[in-house]
Each structure stands twice: as structure tokens, then as C-alpha cells.
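What follows is a short report on a single structure.
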Amino acid sequence: MEIRFHGRGGQGAVIASELLAQAAFLDGREPQSFPFFGVERRGAPVTAYARINDRPIQVRTSIERPDVVVVLDPGLLNTIPVTEGLKEGGLLLVNTRRAPEELPAPPSIRRATVDASRIALSHGLGTPAMPIVNTATLGALAGATGIVTLGAIREAIDLYVPSHPAENVRASEEGFRSVRVAESTAAPLAVSAGRSPALLVLPEGPIATTPSYGIHTAAWRSLTPVVHLERCTRCNFCWKFCPDNAIDFDAHGYPVIRLEYCKGCGICAEECPPRTIEMVAEG
Amino acid sequence: MAKLTIPAEELMYPGHAACPGCAPALTMRLLLKALGPRTVVSIPACCWTVIATSYPTTALGVAVLDNPIEATGASVSGLRAAADALGLKDVNVVGFAGDGGTADIGLQALSGMLERRTNAIFVMYDNEGYMNTGVQRSGATPLGAWTTTTPVGGSSGGKPEPKKDIMGIVLAHHPIYAATLNPSFPEDFVRKAEKARSLAGPRFLHALTPCPPGWKYSSEETIRLGRLATDSGIFPLFEVENGIYRITRKGGALKPVDEYLRAQGRFRHLGDDDVRRIQEDVRFRWERLLRLEAESANLVNPGSLRFPGPWIGERAGITGTLEADG
């Protein structure tokens, strides 16, 4: 289950996603929440994300295909494509006085509204210009979807909201009771569906331990070194300068070029003081 | 058979994915000969990530940590802290980054590692550009060089700015040891890397590593070009131990830079005036280096001004980063 929050700086969208995750954790589930890092200024549009699952969540990416979109400020409906990526049968929940049927959304989207601004102000949360609507909206989210229990939201507010916890609890209860959901032909949300995508889990310890000498690089070569041993002074310059570690010595100290690795760069021929190595065209 | 002048042990395997004639590959091979198997190498995104680690293979007989291009300095500080926490005292912690991962994108992490006095060796293999991504200019690309982002033609005549002086930047952090390496001089290379291994504290090695596709020359000339770079004064071999400069190769008069420049396609467009300009620059830097060597040697005379290092932790033989800072 993936939830995306849209709000304005100061309304509590980031806190809403965190409280939702904390409440889901108190319900015994595996949550995750994080904000989109943008211009975090008062009044600027803010996006935050939450995931809830029955198994540990391994993805860490922002949410592009949410099951639920929560909009804390109805003004954003006109400025931000809030339903972008929302799944068919997904839910759009908006803080507005309007009825859910009035929300602009395709028929495949389920719609819900709650007048969270009025609820917040009636409990003394925020100011008329900037009501703090996150807890009322969270209660509405629980009422419309059941993805978390109201009890867990209450407990999360008690634990994590430092200012006016009692008022926030009451706002969430009122949101829970007063949320309105439009009739819909869309299939209901599958609350516990949404498996975490399977990711490659790296093992602890080294992950690449196969030595590269199993790879033969001979095919890179267009010129092949041929050593004329009768002139070789066994100075080992060829060995010293080989960037491919493709030169060995035989029992008598003469160079042996390991042709399965030699890429034919020609350094050995170039650096050989008595010029005993000749680069010969392949084939 | 002549006696080997560098260690026989091979910790870089064949079958790696470097281009034919790759000096960064030879640099890794020589470096690990000097450092031995008790080494962990942190490699950022660069040519060497591709060379070393075609999954699931590794071209190195030592532990390798892959990390982002900007993070090598930070990763070696972390590796040293981990080694200390595990009580591993005999491990060489090594960062091995290209010029972009050292002097440009990696610069802040390198500075941080040096400033934290991390007990580790940072190696910059300098192929003078972003070669892994198809030859873009870097801060280490020399004056006048062609790259895909400093093209030749129209109003552009190769890179208009000179090469960044990474040794100067590093030495401003007063590391215990810093040296230039050239794989065309394997004995000098290995001696310096072994010296670096024997010391505690931050150490820096700057290797010039010719790149056949990026510098546009034929692969067999890699060693000869490297030799010319040093013998013409373009890339002097020197070391700085506790502030004392020592030039490790002085071959009498410097060769003119012509031969070095003319051997590479990336400089083919340069006119006589350009070459003269580069020659003046090289001569200036060489004279400056000679003076630094002469003057820094005076500082060690007993009773005269002395370089204050090593730092407190290093003097006490405490090798851990955290302890050294405390």
C-alpha cells in the first residue's frame, strides 16, 4: 500500500505521513515514510510519502504509482497534478467542504472528502489562514480505508505530537466519523495487497570473488608477440612493463607470453632492449 | 636470468578489462606488488571500476570496495575506522581514484581525509581526463590538449587552461608523505610505494598514466611516453616526506617538450608558439621544484627552523583516525 500526501508547507503533510507510518507500526505492520526534498517553505507545495506492508519494505524510492492520494489543501487541485499515477480503483481523499462527487477525477478513481479545516479550527489547531489539518485528515483516511485503526492513530498522536495532543486526538476522531466517500463502481482497495517489489538482496561479505583470470582476452588482439629467444638476455623488461600481467618465465628465466590473456598492445616488443620480440599480424 | 628489480608477487590478475597498453592497469599491478596482500582498495566510479569488476569477477587479489566517484576520501577514512574497530593493525587502506575522482569531483573527500589525518594511502592515477566516459576534459587535462569537450577547430584550440596542481593542493594539507609515480620507472615507483606503506598517517601518490585512446597514440608507446614526460620535466619524479622535497630522477638537462607533445594526437594541432608557451611553463615549474628541494633541505639542519610534523597521534604511533584526532 503506497500513500502520497500533497500539502503546503506548515500544514503538516510530512508529519501526517510520519504519523500514519507510526500508527501502522503500532498496528503491527511494516511502515515507511519520508518527504520529497524540495523547497520546504511555508506555503510552498510539499509532497510526502508513506508505505505500509505486512513484510519489511526494501524499496526506498519516491512513490510514482500510489494507491491513495491525500490532499491537505484543496487549492492544490488546481495547481498540482495530484492524481498523477494514482492506480485504478485507488482513492483520492481531499480536505474540502465539497462533496466527494464534485472532485475532479476519472470514474475509475474512488473519491472521499473531509472538511478538515473546519474540524481543525473547531479544536483550536492552527489559524484560519493556516489550519493544521493533518490529524483530522488522518482520521478521515482511517475512516475511508481502514489501512490503520483509529486507536493506533490516537496512540501515535499521544506519543509523537508534542503540541495539543488531546485536541489533535479529538480532531482525528471527528475526521474519522465525518469523512464522506462517493459511491463508486471501482473495485474497493485491497488494504493488505501490494507486496514489496522483489529486489536483489546483496549477501553479507564479498559479492564478486571469481578471479578474472578465467576470462581470456586474446580476442582483443590484432598483433601477436613472437619472442626470438636466441637473442633474449632474460632482462625481464617485457614482464616488468606488461599491463596485462600476461608474461611469465619458464624454468630457465626466459619469458613465456600467455597468449590467452595478451591483448597485443606491443609494449613488450617496444621496450625489449635487444629487440627480440616481434609483433606479427594475426591469421 | 637477471635478478628481479621489483617484487615477483602478482596481485593483479590477467583477464581484466583494461584497454591494450593501459598505464592505469600497470600502475595497479606495480602498486600491489609494493603493498602486498594485506591491502584493501577503495575504487570510485572510474576506468578501474570497469577494469576490475566485471561481475561476478574481480581482477584483484585484495579486497575491493566500489564507491561513488566523489566519495573515495570518505570511504578510506571509514575503512580505516573499521579496521581499527576490528583491531586490524597490518592492513594498508588505499584509495585508488582517477584524476576526476581525486582532483575534481573527489577533491572535498580527499581534503577531508587528509585533514582528518586518516592513516591511509590515496593514489591518483592521472590519465588527464574523464577517459572512462569517452575523453572529456578534467582539471588535470593539460594546457592545449584536445578532448571531446575541448575540441580543436573554429574558435577552440584544445584546453585553454593549464593543468591543476594536485600535488600543491595535497601538500597544503601537510601529509606525512606525498610522491609522484611513473610506471615507466618501475623501480622508483615501487620504492616510493613501499616507503608509503612503511609510514603512518595520510599519504598521497600521484601517478601519471598515459592513455592510448584518450591521448591518441599507439598502445606500444605507453612506456616511452611516460619516460618522456618525466625526462622533459612535464612530470618530474619527486617525493615530499614531512615537508622535505627530494627529486628522485634528475637526468641532467631536460629534454625539450616537443618530442613528448608531437607523439600524441591530442597535441597535434599545437603550433610552434603553443609549444614555446608550454615549454616556458614546464621550465618555470621545474626551476621552482629545484628551489623547493634546495630550500626545504635547509629546514632539516639541526637548530634551524624545523617542520613540526608528525602530528600528535602519528608521533605517538597511534594509527587510528579517531584516536589521532582526539
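Numbers restart at 1 for each chain; the letters A, B, ... are given by sequence-line order, proteins then strands. The shown structure was predicted, so the numbers you read here are calculated from the model rather than taken from an experiment.
- Taking every heavy atom of both residues into account, B/Pro20 and A/Trp220 meet most closely at CD-CE3, 4.1 Å.
- For B/Thr5, the part lying under 4.5 angstrom from a heavy atom of chain A is the side chain only.
- Atom NE2 in B/His16 sits 7.5 Å away from atom CG in A/Asn245 (nearest 0.5 Å).
- Closest heavy-atom contact between B/Pro14 and A/Ser212: O-OG, 2.9 Å.
- Per-residue counts of heavy-atom pairs under 4.5 Å with chain A were compared for B/Pro183, B/Ala23, B/Pro56, B/Ala25; the largest is that of B/Pro56.
- Within a 6.0 Å radius of CD in B/Glu10, more than 12 heavy atoms belonging to other residues, nucleotides or ligands are found.
- Neither the backbone nor the side chain of A/Arg221 comes within less than 4.5 Å of any heavy atom in chain B.
- Going from atom CD1 of A/Ile207 over to atom OH of B/Tyr55 covers 6.0 Å, rounded to the nearest 0.5 Å.
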Problem set entry | Test log, rule side chain to side chain contact (heavy atoms under 4.5 Å, CB included), inputs A/Phe241 and B/Leu26 | CA-CA 7 Å; A/Phe241 289 118; B/Leu26 180 57; 4.2 Å; yes
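- Side-chain atoms of B/Leu4 and A/Asn236, non-hydrogen and from C-beta on, do get closer than 4.5 Å to each other.
- A 4.5 Å side-chain heavy-atom check between A/Glu271 and B/Arg224 finds at least one atom pair inside the cut-off.
- Residue B/Thr53 does not touch chain A at all, counting heavy-atom pairs closer than 4.5 Å.
- B/Ser219 places a side-chain N or O within 3.5 Å of a backbone atom of A/Cys265 that can act as its donor or acceptor partner.
- Within the 4.5 angstrom heavy-atom criterion, atoms from both the backbone and the side chain of A/Pro211 approach chain B.
- Residue A/Thr217 touches chain B through its side chain alone, counting heavy-atom pairs closer than 4.5 Å.
- Taking a 6.0 Å sphere around NZ of B/Lys216, one finds it holds 12 or fewer heavy atoms contributed by other residues, nucleotides or ligands.
- With salt bridges taken as basic N to acidic carboxylate O contacts below 4.0 Å, one links A/Lys240 and B/Glu187.
- Atom SG of B/Cys19 sits about 7.5 Å away from atom NZ of A/Lys263, to the nearest 0.5 Å.
- Closest non-hydrogen pair, B/Ile223 versus A/Ile267, comes out as CG1-CG2, 3.5 Å.
- A/Phe34 CZ: more than 12 foreign heavy atoms inside a 6.0 Å radius.
- Residues B/Thr57 and A/Ala208 share a closest heavy-atom pair of O-CB, 3.8 Å.
- The parts of A/Cys242 that come within reach of chain B are both its backbone and its side chain, each placing non-hydrogen atoms under 4.5 angstrom from that chain.
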